[in-house]
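Everything on this sheet refers to the single structure shown next.
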Amino acid sequence: MTLRLYDSLRRSTNDVEPLTPGQLGLYVCGPTVYGPVHVGNARPFVVAMTLARHLRRTGWEVRVVSNLTDINDKIYTAAQAEGIESRDLAERESARYLDDTSRLGLGRPDVEPKVTESLPEIVEMIEGLIAGGHAYASDGDVYFRVADFPSYGALSGQKIDEMQPEEITSKKQAPLDFALWKAQKPGEDAAWESPWGMGRPGWHIECSAMAMSALGEEIDIHGGGIDLKFPHHENERAQSEAMTGRPFARTWLHNGMLRFGGDKMSKSLGNIDRLSDALDREGNETLLSLFARAQYRSPLDYSPDSLEDARKSNDRLREALRRAARIAGDVAPAEGGPLATAAAEADARFRAALDDDFGTPEGLAALFDLVRVVNAATDAGDVSPADVAQARAILIDCLWVLGLDGLGATADGPPVEAVALMQEREAARATKDFARADAIRDELKVLGWVVQDLADGPELQQA
RNA sequence: GGCGACGUGGCCGAGUGGCUAGGCAGCGGCCUGCAAAGCCGUCCACACCAGUUCGAUUCUGGUCGUCGCCUCCA
């Protein structure tokens, strides 16, 4: 099966043709670490990490690179507001970002460069652009000459003559030229040496330099939020391709925005839910389920209702896996049975869906269809444990791609006192002492357990 | 104003020129001392108006509306 992805530059879905057969490099723009990230900031991270899981599972060798922008105007501002060094604030927020995203349970990108650790590459690239005549130094700043890059605007669809300048400054030769290097300003407590004096890199050059440093001059896939398409990715593309004379990214991958209360979740609007708060409150599996339920390019409604839907649909998966585990017991999985066959077909549908522009909703639909088949078979009773075990194993394997394999985790067994109460309840039910049986249900609830009367006897579940 | 995306059933959210998305919620049934879980059945769709077509929710044009970008932004 061929991997197909929508490319924002070509505005169409295309077969992905890797630079090196069997290998894919994926660069995704990370956050500016000036404060806690919100749930919307997590979407590109989740898309990149789950896409990488799918690709690895289907035989690709993948290298994921995601940067941390730890030099930025906002960091100076935030640090001043707190009365601390900007470097300290950036380090603190970088650590917090790593902690928050790690809690999603998807692992880490292979490389996570920081701007503060990438100054040599950045300066080198700026020097190269100046040497090639694509950029010019001006009173401590360095600017990229936009007029020098004819296809500027192709990615974002902007027309040069209708665009407003990014920043008005007399140091520029043309209004649209953007900064590659900015001279240190009064009050900025962090600056680096350069051929143009003390200063810091501009916002866009850092990503080009770090991406090229980690993945080479041409990269397979460049991802990020669609709000970065202009000017950030437009400028990245311009400076990178001006530098190398080659295409920068073979596929530009843009994820849609999270909507919260009808608008894009953003710090400036104030309609945010911090990722750490959401993880505390909802748990990682609910958030990952919510992300997987929508196609990555679509805007995604983030609301109490959609979170509840995500949580309850996870409950359905968890319950099915629990029922399957109960029947499978310790029996080793075996192929060839009817459920194993159905699971293999669901897996094929799952892989095909994800190969087609990472269609996680269709992939999930395949898994839910499998759940219904497995539930129906176990209800009917004529299933072999090995067959159920195989279907369960495949289901968990697919869920792993989305970070939802934890739904199949077998919880610790109930404590002896709960088991004793359950047995006492069985005795009471046998003598039709239902008042006592119901009372025991309440006692179990206090202990944190719920009893379910299944066809082959009662079972305790954590409440 | 310019550029782009989108308007799907109670809600979320896929997809397709004619063939079941899926989840959540609702209703009926089975099972059940109760409850839970599960299974079966079922109701509710493709913003509006034209056009192309044997046939459009799916293509084209228009209208209305929503969102994103054009400024820091995942």
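Chain A is the first sequence line, chain B the second, and so forth, proteins listed ahead of strands; every chain is numbered from 1. All values reported here derive from a predicted model rather than from experimental measurement.
- In this structure, Asp227(A) places its CG atom 13 Å from C1' of rC70(B), rounding to the nearest Å.
- Residue Glu362(A) has its side chain nearest to rA21(B) when only rC39(B), rC12(B), rA21(B) are considered.
- Residues from residues 301-313 of chain A with heavy atoms under 4.0 angstrom of RNA chain B, sorted by number: Asp301(A), Asp309(A), Lys312(A), Ser313(A).
- Rounded to an integer number of Å, the gap from CD of Gln295(A) to P of rG15(B) is 6 Å.
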>> Arg293(A) vs Thr360(A), test: side-chain hydrogen bond (donor to acceptor under 3.5 Å, both in side chains). Steps then yes/no.
In response: CA-CA 7 Å; Arg293(A) 288 158 56 86; Thr360(A) 52; over 6 Å; no
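- OP1 and OP2 of rA74(B) both lie 4.0 Å or more from every side-chain N or O belonging to Asn255(A).
- As judged by a 4.0 angstrom heavy-atom cut-off over every strand, Arg425(A) is placed among the base-contacting residues.
- Counted by atom type alone, Ser66(A) and Glu112(A) present zero donor-acceptor pairs between their side chains at under 3.5 Å.
- Every residue two or more places apart in sequence or in another chain was checked for a ring-ring contact (aromatic ring centres under 6.0 Å, His included) with Phe45(A), and none qualifies.
- Summarising the geometry, the separation between CG on Leu9(A) and P on rC3(B) is reported as 18 Å, rounded to the nearest angstrom.
- For the P atoms, the distance linking rA36(B) with rG41(B) amounts to 22 Å, nearest Å.
- Atoms CG (Asn41(A)) and P (rC72(B)) sit 17 Å apart, rounded to a whole Å.
- Here, rG51(B) and rU42(B) have their P atoms 36 Å apart, quoted to the whole Å.
- Counting atom types as modelled, Arg441(A) pairs a side-chain N or O with a base atom of rC34(B) as donor and acceptor under 3.5 Å.
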Name each donor-acceptor pair under 3.5 Å that joins a side chain in residues 24-36 of chain A to protein atoms two or more places apart or in another chain, with its distance.
from     : atom 1 : to       : atom 2 : distance (Å)
Tyr27(A) : OH     : Asn67(A) : OD1    : 3.1
Tyr34(A) : OH     : Lys74(A) : NZ     : 3.4

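- Within residues 261-277 of chain A, the residues having any heavy atom under 4.0 Å from RNA chain B are, by residue number, Gly262(A), Asp263(A), Lys264(A), Met265(A).
- For the atom pair CG of Leu367(A) and CZ of Arg372(A), the computed distance is 12.0 Å after rounding to the nearest 0.5 Å.
- Atoms CZ (Phe291(A)) and P (rG22(B)) sit 25 Å apart, rounded to a whole Å.
- The separation between Phe260(A) atom CZ and rU66(B) atom P is 21 Å, rounded to whole Å.
- Spacing of P atoms, rC12(B) relative to rG2(B), comes out at 30 Å, to the nearest Å.
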Could you tabulate the donor-acceptor pairs under 3.5 Å formed by side-chain atoms of residues 394-404 of chain A, not counting sequence neighbours?
from      : atom 1 : to       : atom 2 : distance (Å)
Asp397(A) : OD2    : Arg57(A) : NE     : 2.9
Asp397(A) : OD2    : Arg57(A) : NH2    : 3.1

> For His254(A) and His233(A), what are the C-alpha separation, side-chain angles and deciding distance, and is it a ring-ring contact (aromatic ring centres under 6.0 Å, His included)?
Replying inline: CA-CA 10 Å; His254(A) 288 114; His233(A) 291 163; 4.9 Å; yes
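- Nucleotides rA47(B) and rG38(B), compared at atom P, are 33 Å apart to the nearest Å.
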> In dot-bracket notation, what is the pairing pattern of RNA chain B, taking Watson-Crick (N1-N3 plus N6-O4 or O6-N4) and G-U wobble (N1-O2 and O6-N3) contacts under 3.5 Å, with [ ] crossing and | for other strands?
Replying inline: (((((((..(((.....[...))).(((((.......)))))....(((((..]....))))))))))))....
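- Between the side chains of Ser289(A) and Thr286(A), no donor N or O sits under 3.5 Å from an acceptor N or O.
- The separation between Gln452(A) atom CD and rC31(B) atom P is 19 Å, rounded to whole Å.
- In this structure, CD1 of Ile226(A) is placed 11 Å from C1' of rA74(B), rounded to the nearest angstrom.
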